[in-house]
Amino acid sequence: MGNCLCGGARQQGLAGPAYERLDGGGGKQLLRSARGGDNLTPAGNPLPPVVHAKLAEHALGDGRLVLVGDVHGCLEELFALLDTLAFDHERDSLIFLGDLCNKGPRSQETVAAVRALCEGRAWAVRGNNDDGALAACARRRSAAWWGLQQGIEPPLAKHAWVGELLPEDVDFLMGLPFSITVEGYSIISVHGGLLPGVPLAEQQLELVLAIRDVVHTPDGS
């Protein structure tokens with residue numbers, strides 16, 4: 001999944017000049033997670049410092065804007081794709097549309113590589129697999145801290161790799177916004193999707209991460 005809808009900040013410093021809160025800072029009070037907590041993501045993690053980010057046009061390079069979705073730990077394939085596109089790190093800009101991890105063989109290395117790319121002209125939004133991996137990492141660390149062997153929900157097999165995450169990887173994932181609005185292109189980049197007619201700050205985060213289909217009902221809603 002991964003969508004760029006028409007009409008890390010930079011994960012190293014979300015409050016940098018390229019980013020701002022779309023709602024002037026009050027959006028956290030308007031957002032609701034799947035678990036009903038104003039300050040939690042759908043997987044139960046703390047909300048990032050900026051939930052919906054805006055990427056200023058002047059922060060982009062003078063080349064192409066490339067959007068890549070669902071890398072899923074496939075690091076070699078990611079680099080092969082960028083090579084095929086002849087991606088120019090000096091002129092082109094890159095946005096990852098979430099789900100950097102899980103399913104593929106090199107999740108931690110992929111997170112680290114994207115984190116490094118985001119020190120240049122690259123940015124990323126959060127996907128449901130990224131959010132889930134953070135929650136699994138938190139559960140794993142809690143169990144290790146308390147030395148508990150019972151009463152802790154075991155991690156799913158797809159999260160077995162989270163113990164490989166470095167502290168800087170976790171910080172990077174924790175800082176990923178749920179959307180990036182790109183000025184000059186009139187697009188909103190998200191992993192899942194948005195409900196038509198609902199202001200961005202009022203979108204349910206579960207849907208922003210994981211919605212697949214929008215169906216019109218007989219009453220037109």
Side-chain angles (χ1 to χ4, degrees), residues 1-23 27 48-101 104 109-131 172-196 198-201 203 205 207-212 214:
M1 203 155 40
N3 287 299
C4 187
L5 300 131
C6 296
R10 172 159 305 208
Q11 275 73 36
Q12 301 296 319
L14 283 163
Y19 284 87
E20 64 186 59
R21 294 182 189 275
L22 294 179
D23 51 18
V50 176
V51 176
H52 297 294
K54 181 181 291 185
L55 179 56
E57 188 173 5
H58 66 75
L60 301 172
D62 60 1
R64 301 167 296 173
L65 175 60
V66 177
L67 297 101
V68 176
D70 298 64
V71 181
H72 280 302
C74 296
L75 185 61
E76 292 181 8
E77 290 82 355
L78 169 61
F79 286 142
L81 173 63
L82 295 179
D83 286 344
T84 299
L85 294 173
F87 185 82
D88 185 337
H89 293 269
E90 296 298 322
R91 300 185 62 233
D92 295 336
S93 302
L94 179 62
I95 295 178
F96 291 95
L97 297 175
D99 275 8
L100 303 176
C101 59
E109 293 173 87
T110 299
V111 172
V114 173
R115 172 168 56 82
L117 287 170
C118 286
E119 295 178 359
R121 284 197 179 92
W123 299 266
V125 299
R126 183 181 306 221
N128 56 298
N129 276 278
D130 309 316
D131 200 34
F172 171 73
L173 291 174
M174 290 289 287
L176 294 180
F178 283 76
S179 75
I180 297 176
T181 297
V182 187
E183 292 184 337
Y185 282 83
S186 298
I187 59 175
I188 303 173
S189 302
V190 298
H191 178 66
L194 301 174
L195 286 179
V198 178
L200 182 60
Q203 294 279 339
L205 294 187
L207 301 183
V208 175
L209 284 187
I211 191 173
R212 291 182 179 273
V214 178

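Note that these values count all heavy atoms, side chains included, but never hydrogens, waters or copies made by symmetry. Bear in mind that the values here come from a model prediction, so they are computed numbers and not experimental data.
For the atom pair CG (Leu209) and OG (Ser179), the distance works out to 10.5 Å, reported to the nearest 0.5 Å. Taking CZ from Phe87 and OG from Ser93, the interatomic distance works out to 6.5 Å, rounded to the nearest 0.5 Å. To the nearest 0.5 Å, atoms CZ (Phe96) and CG (Leu78) are separated by 5.0 Å. Between Leu97 atom CG and Ile180 atom CD1 the span is 8.5 Å, to the nearest 0.5 Å. Put simply, CG on Leu81 and SG on Cys74 are 11.5 Å apart, with the number rounded to the nearest 0.5 Å. Interatomic distance, Leu195 CG to Ile211 CD1, rounded to the nearest 0.5 Å: 4.5 Å.
Counting heavy atoms from C-beta outward, Val51 and Leu205 have side chains that approach closer than 4.5 Å.
The two residues Arg91 and Asp62 come nearest to each other via the heavy atoms NE-OD1, 3.0 Å. Counting all heavy atoms, side chain and backbone alike, Thr110 lies closest to Val71 at CG2-CG1, 3.6 Å. Looking at every heavy atom in both residues, Asp130 comes nearest to Val125 through OD2-O, 4.2 Å. Across Asn128 and Asp99, no two heavy atoms sit closer than the pair N-OD1, 3.3 Å. Among all heavy-atom pairs drawn from Ala113 and Phe79, the shortest one is CB-CZ, 4.2 Å. Across all non-hydrogen atoms, the minimal contact from Glu90 to Arg121 is O-NH1, 2.7 Å.
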Is there a side chain to side chain contact (heavy atoms under 4.5 Å, CB included) between Ile187 and Leu65? Walk through the geometry before answering. CA-CA 11 Å; Ile187 59 175; Leu65 175 60; 4.1 Å; yes
Could you please spell out the steps behind the side chain to side chain contact (heavy atoms under 4.5 Å, CB included) verdict for Leu85 and Asp92? CA-CA 10 Å; Leu85 294 173; Asp92 295 336; over 6 Å; no
Run the numbers on Arg126 and His191 for side chain to side chain contact (heavy atoms under 4.5 Å, CB included), then give the verdict. CA-CA 7 Å; Arg126 183 181 306 221; His191 178 66; over 6 Å; no
Could you go through Leu200 and Thr181, starting from their C-alpha distance and side-chain angles, then the distance that decides it, and tell me whether this counts as side chain to side chain contact (heavy atoms under 4.5 Å, CB included)? CA-CA 10 Å; Leu200 182 60; Thr181 297; 4.1 Å; yes
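The environment of CD in Glu76 is sparse: at most 12 heavy-atom neighbours from other residues, nucleotides or ligands sit within 6.0 Å.
Of the residues listed (Val114, Leu60, Leu117), the one engaging Trp123 in a side-chain contact (heavy atoms from CB on, under 4.5 Å) is Leu60, and it is the only one.
In this structure, the side chain of Glu183 does not engage the main chain of Lys54 through any donor-acceptor pair within 3.5 Å.
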